[in-house]
Amino acid sequence: MKSRITYDIEAKLSYLYTLPLSVKDKIASTIELEVNEYLGLDIDEGGRIVGIELSKIAGSRKFIVKVERDFHSA
């Protein structure tokens, strides 16, 4: 599966898609993690994690570029 990470400069929010483009499920809920206030999980109607929201420090452009480089070099 090709990596799909987006970054919204204005919102300072990154989004990591966890399912292939072919999956078109709607997001039923978003869970904000108690252990890390900068992460949120989008859950579809089937209970699968559709994507991961990274905000503030976790969503900084510098962080995302590093993650992309590490991911592609693995």
Side-chain angles (χ1 to χ4, degrees):
M1 181 172 102
K2 184 178 178 181
S3 172
R4 295 189 307 145
I5 300 173
T6 59
Y7 182 73
D8 183 327
I9 294 171
E10 290 180 22
K12 296 183 180 173
L13 178 81
S14 297
Y15 196 83
L16 171 65
Y17 295 86
T18 60
L19 298 177
L21 283 170
S22 59
V23 177
K24 301 292 182 191
D25 290 347
K26 293 182 179 179
I27 296 170
S29 64
T30 299
I31 299 171
E32 294 181 9
L33 302 179
E34 291 180 22
V35 296
N36 188 333
E37 65 189 75
Y38 302 116
L39 298 176
L41 304 177
D42 284 340
I43 310 297
D44 71 6
E45 296 165 339
R48 296 181 296 181
I49 298 173
V50 175
I52 303 169
E53 298 174 351
L54 302 108
S55 62
K56 302 196 183 202
I57 296 169
S60 73
R61 184 72 178 149
K62 186 175 182 180
F63 175 82
I64 295 303
V65 169
K66 180 179 180 352
V67 169
E68 286 179 332
R69 285 183 184 147
D70 290 347
F71 178 80
H72 292 295
S73 64

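All values reported here derive from a predicted model rather than from experimental measurement. FYI, the numbering just counts along the sequence from 1.
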Enumerate, atom names and distances included, each donor-acceptor pair closer than 3.5 Å involving a side-chain atom of residues 39-51, sequence neighbours excluded.
from: D42; atom 1: OD1; to: T30; atom 2: OG1; distance (Å): 2.6
from: D42; atom 1: OD2; to: Y15; atom 2: OH; distance (Å): 2.7
from: D44; atom 1: OD1; to: G46; atom 2: N; distance (Å): 2.9
from: D44; atom 1: OD1; to: G47; atom 2: N; distance (Å): 2.9
from: D44; atom 1: OD1; to: R48; atom 2: N; distance (Å): 2.8
from: D44; atom 1: OD2; to: R48; atom 2: NE; distance (Å): 3.0
from: D44; atom 1: OD2; to: R48; atom 2: NH2; distance (Å): 3.2
from: R48; atom 1: NH2; to: D25; atom 2: OD2; distance (Å): 2.2

- [ ] Measure the OH-CD distance between Y38 and E53 for me, rounded to the nearest 0.5 Å.
- [x] 15.0 Å

- [ ] Mind checking the OH-CG spacing from Y7 to L13? Nearest 0.5 Å is all I need.
- [x] 8.5 Å

Open item on the list: So which atom in R4 and which in L19 form the shortest heavy-atom distance, rounded to 0.1 Å?
Closed with: NH2-O, 2.9 Å

